[in-house]
S.K.: 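What follows is a single structure, and I will ask about it in a moment.
Throughout, protein chains are lettered first and strands after them, A, B, ... in sequence-line order, and every chain is numbered starting at 1. No experiment lies behind these values; they were computed from the predicted model shown.
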Amino acid sequence: MITESKISYKTSDLKKIYRTGETEVHALRGVSVEIPCGELLVMLGPSGSGKSTFLNIIGGLDTPTSGHVYFRDRDLASLDSHQLTLYRREHVGFVFQAYNLVPSLTALENVALVTEISLNPMDPLSALSAVGLKERAHHFPSQLSGGEQQRVAIARALAKRPEVLLCDEPTGALDSETGAIVLRALMQVNETYGTTCIIITHNASIAELAHRVMHFVDGDINRVEVNETRKSPEQISW
Amino acid sequence: MIGALNHKLIRDIWNIKGQMAAIILVMAAGIAIYIISFGVLDSLKLTRDTYYDRYQFANVFASLKRAPEAVKERISEIPGVSVVESRVVFGITLQMDDMNEPGTGKLISLPDGRSPLLNNLYLRSGRMLHPNEEDTILADESFFKAHHLELGDKISVISNGHHRKLKIVGVVLSPEYVYSIAPGALMPDGKRFGIFWMSRRSLEASVNMKGAFNDIAIKTDRNANLELIQERLDTILKPYGGLISYPREDQISNFFVTNEIKQLESMGMIAPVIFLSVAAFLINVVMSRQIATQREQIGMLKAVGYSDLEVSLHYLKMVLLITGFGAIIGLSLGAWMGAGMTKMYTEFFHFPILKYSFSLEVMIFSVFFCTVAAIAGTLLAIRRAAILPPAEAMRPESPAEFKVSRLEKIGVYQHLSFLSRIILRQLERRPVRGLLSALGMSLALSILVFSFFMEDSMSYLMDVQYDETQREDINFSFIEPRPFRALEEIKALPGVLTVEPFRSVSALLRFQHYNKRSSITGLIPKADLRRVIDHNLAPVLMPQKGLLMSQKLAEILHIGVGDILQVEVLVDKRPTLQIPVVGITRQFIGTGAFMDIHELSRILDETPKISGATVKMDPNQGMALYKKLKQIPAIMGLNIVSILRKIFEDVMAENLLKMVSTNIMFASFISFGVIYNTSRIALSERGRELASLRVLGLTRREVAYILFGELGIITLISLPIGIWIGNALAQGMTASMESELFRIPYYIKNSTYGYAVLIVLCSTFVSFYLVWRQVDQIDLVSAQKGVE
């Protein structure tokens, strides 16, 4: 449920320039946007349009070249490395395309990796149950399918009870059926816990699940669409 | 409860257990050598110092012909002298029933009615002498044990021309004879050389020294000027046939003990540094690879909220865990080998107690140095993990940078196959790592070359000494020099084939402001049994005039051919002579000056005399000859050269074998550790690339060529470097062990290099085989996906 009176993120004239020798790459060209709490937001755009850069900055993984990015009333651009680490630890959950599970840890241990450093975590087994993987708790990533691995990653992100869930191509490596399962899990997280979910994807169909869709082109938001009606993962065409 | 990150740590280490094991072994070797060296060193030093202190080991010694006891008072008045002990010391011949050949020994007087003020004795068993006891002695422990004697047994000796039976009532040890060797020998031989102590009054009477002494021991004050004291002492003793006095550091037993301590110190400084440097390098290579392969995991950890410090500590823990294992094995190995080495020392050094003490300080230091080396080796890699921005960490790693190399620009690669170019470009891309790997291998090779060098040089020394220089079967000295005609009596003994005389005269040799107490040995012009050789091992004819000098003695005196040596003869008329040096000779054992025996008599202004003789004997009449020699009272010191040689060879064989085996083991750790880790890392870095080549159609053999070709080149580069370092170590050892008593020749057989290279190549092939099995098992599909 979106709490419009509360804003998760607000960016103002956010810019990011990468310099490699004498070459400059303008990844973000002054993005100004507000994202309310509880929103499920999908960001669409071609490769190199700036979506991942935007996600990394609001997730505290990267810093802007100029501009401001507020998480609630804190300007993330003014935080140092240690403060950003604490911000990520306490408020942000990440889901990556490549799952990024630790191969030498079981599903349960991968989730515990995060709960051990969180202030108010869920029980790791409960987090796995929430994504339907309680029975696979003691399996290693190599013993899980791609979809299961991604769901473990979601459980890991979810276990710290984050206010924000940032997902970079969460279904990119999955088939349609598995992708639907993963998206169902994300939607449940958004609806059940009120977690703001921001999903980057190439797949325009996934946009139909979102409250809003932002189209990135060439380092800026080209247009924003609001979905009056939202589809379920089973309803979208892949 | 073990956290999730620690679970990861343990399983990550288990995944690379082969590489870890190799590193741990190298570390353990470094720690073990440190423990052995300094642990044994501490034990030896403490034991020596305590023993010397408690048993009042003197710090100045002098021998003379004969002086009245009253002279002792004058000596005690020398400023800086705190204690003086006069003694009677006499050489004897031993006639043991369990030996065919005669033995030699020393009888030393013990004061009657009190303990010695200096060089006191430690009573091992039995009792001390009662005052004025006749024909009873204390025996040194090694002689007592070698002949399986019991308290109360009597031994037959010839002392001052008289046959005597002496009863052993006590077994003792003396700080003066911790390492006890007969004159002319290099190794202790408890069976054929014995030290005995007898009541002063009894000994005086038997050797006609009543109210007199012929040996003096002195203790000086703490900050006394030793040189000045010795000078005054020599002046006082000169009229009494005094030979030049010498300080404790020149006392033979103390010299050997101190030399051994110096060797241990050198070993302790150098060897652990080599091993721990190699371990640090290996850890750096392995951890760098770990961190590189776990880039995305590092990014993820940071993304979910682990700080840079927590990530760094995670990898540091891995290093500390490896170090911990290395320390446990190294400490255990070091303690075990240290105890063994101490036991070996008890065979040579006769201390009352020599116990290996496992010093906590040495343990802590060894682990500390190992930890510092390990952390130093990994700091850069861990830092890389710490500063890796999370966003960048989760992006795929950029392809390795290659560019056209200098060699390629000049057309070297033109005629090479693509596979060979891949190998060479890979080497050129990481030249430092390649060189360090080669250096690691070369250190292994150098350790082997050095170990085998010890065996080669000892063997060479023996061959030169006993085949070129000291070619006699027996040599002996007389109590007093005999006229030349004594030769005829010796020739008449059963079994004597050839006999050659020698005349040995103690002298103080001076050149400019350098001086050295030594002796001049007179030999017949065409001596064949006792020869003087040059640097090409060719025998040198005795010049009619002038003297030949050994290289070492010439260095001490800073004298050369053509210079005039001042010789202060210390016996008989004690003339001072000026003699030209006409040649420099080669001598591995001892230092000496040589001249024609008749010329020597002429310049001494005496009728020709002989101090002793060297004999070539008929081996079938050995028993008969020994029997006769046993009965000749005039003979003081007798050596059977074949026995001297055998003892030396046996001791060398046993101890060198242990040392060489240990070094082969340690060198194998290093070479296996370096090559196995280098090849495993190469496989890890290039597994995907190699799988791609297999998918494209290259055979296993061609893929192996790429992987092992690079490593093969590194191995080949390491060979000449290793040989060079090994030679340098050998030369360093030769220089450091050079002393007046002996010099170790710098000699390495060609076959030695062959064996050393073979052992390193064997370790290399074993590593290659183990890695090859993993190459064979690469899953071509998974490897394409980047799954390791």
Side-chain angles (χ1 to χ4, degrees), chain A residues 16 18 20 27 52-57 59-63 80-119 121 124 140-142 146 153 156-157 159-160 162 166 168 173, chain B residues 1-17 20 290-291 293-315 317-318 383 385-398 401 684 779 781-783 785-788:
Chain A
K16 179 69 183 180
Y18 293 105
T20 328
S52 292
T53 306
F54 180 80
L55 199 80
N56 288 341
I57 291 174
L61 295 178
D62 204 351
T63 49
D80 62 26
S81 167
H82 177 66
Q83 288 166 325
L84 282 173
T85 301
L86 288 176
Y87 157 68
R88 291 194 302 272
R89 184 183 285 212
E90 289 160 17
H91 303 291
V92 185
F94 283 95
V95 179
F96 305 103
Q97 180 178 0
Y99 329 134
N100 285 33
L101 298 179
V102 178
S104 54
L105 296 177
T106 61
L108 188 67
E109 286 164 350
N110 264 286
V111 177
L113 200 59
V114 158
T115 58
E116 281 168 11
I117 57 167
S118 300
L119 289 171
F140 287 94
S142 57
R156 180 179 64 189
K160 64 162 80 168
L166 305 179
D168 194 340
Chain B
M1 189 178 121
I2 301 178
L5 215 51
N6 290 330
H7 273 128
K8 172 185 178 299
L9 171 70
I10 294 166
R11 289 183 196 136
D12 284 349
I13 289 181
W14 184 252
N15 275 342
I16 52 172
K17 52 189 174 297
M20 290 296 124
Q290 272 292 99
I291 286 166
T293 51
Q294 293 188 0
R295 259 176 78 93
E296 285 165 4
Q297 290 179 43
I298 292 171
M300 179 278 296
L301 285 171
K302 291 191 181 187
V304 301
Y306 282 87
S307 64
D308 294 350
L309 182 62
E310 284 165 324
V311 169
S312 307
L313 282 175
H314 169 65
Y315 289 102
K317 268 191 233 173
M318 194 182 276
R383 188 175 171 273
I387 63 174
L388 198 57
E392 192 188 314
M394 284 183 292
R395 281 195 283 271
E397 198 175 1
S398 4
E401 276 180 42
S684 164
D779 178 340
V781 174
S782 303
K785 291 180 185 169
V787 175
E788 286 204 21

S.K.: Looking at Val304(B), Asp308(B), Leu309(B), which makes the most heavy-atom pairs under 4.5 Å with chain A?
M.R.: Val304(B)
S.K.: Identify the heavy atoms of Gln297(B) and Pro103(A) that sit nearest to each other, and give their distance.
M.R.: NE2-CD, 3.2 Å
S.K.: What is the minimum heavy-atom distance between Ser104(A) and Lys8(B), and which atoms define it?
M.R.: OG-CG, 3.6 Å
S.K.: Donor-acceptor check, side chain of Arg89(A) to backbone of Gly305(B), threshold 3.5 angstrom: yes or no?
M.R.: yes
S.K.: Side chain from CB out, backbone as N, CA, C, O: work out which of these in Ser81(A) comes under 4.5 Å of a heavy atom of chain B, or both, or neither.
M.R.: side chain
S.K.: Glu310(B) versus chain A, heavy atoms under 4.5 Å apart: side chain, backbone, both or neither?
M.R.: side chain
S.K.: Could you give the distance from NZ (Lys302(B)) to CG (Leu61(A)), rounded to the nearest 0.5 Å?
M.R.: 10.5 Å
S.K.: Going from CZ on Arg88(A) to OH on Tyr306(B), what distance comes out if it is rounded to the nearest 0.5 angstrom?
M.R.: 13.0 Å
S.K.: Between Ala112(A) and Ala4(B), which heavy-atom pair has the shortest distance, and what is it?
M.R.: C-CB, 4.1 Å
S.K.: Using a cut-off of under 4.5 Å for heavy-atom pairs, which of Leu86(A), Leu166(A), Ile117(A), Asn110(A) has the most such pairs with chain B?
M.R.: Ile117(A)
S.K.: Give, as side chain, backbone, both or neither, the part of Phe140(A) having an atom under 4.5 angstrom from any heavy atom of chain B.
M.R.: side chain
S.K.: Quick check for you: to the nearest 0.5 Å, what is the distance between Leu301(B) atom CG and Thr85(A) atom OG1?
M.R.: 11.5 Å
S.K.: Considering non-hydrogen atoms only, spot the tightest contact between Phe96(A) and Ala303(B) and give its length.
M.R.: CZ-CB, 3.8 Å
S.K.: Measure the CG-CG distance between Leu105(A) and Asn6(B) for me, rounded to the nearest 0.5 Å.
M.R.: 10.0 Å
S.K.: Checking heavy atoms, do the side chain of Ile10(B), its backbone, both or neither come under 4.5 Å from chain A?
M.R.: neither
S.K.: Show the numbers, then the answer: is there a side chain to side chain contact (heavy atoms under 4.5 Å, CB included) between Arg156(A) and Met300(B)?
M.R.: CA-CA 11 Å; Arg156(A) 180 179 64 189; Met300(B) 179 278 296; 3.3 Å; yes
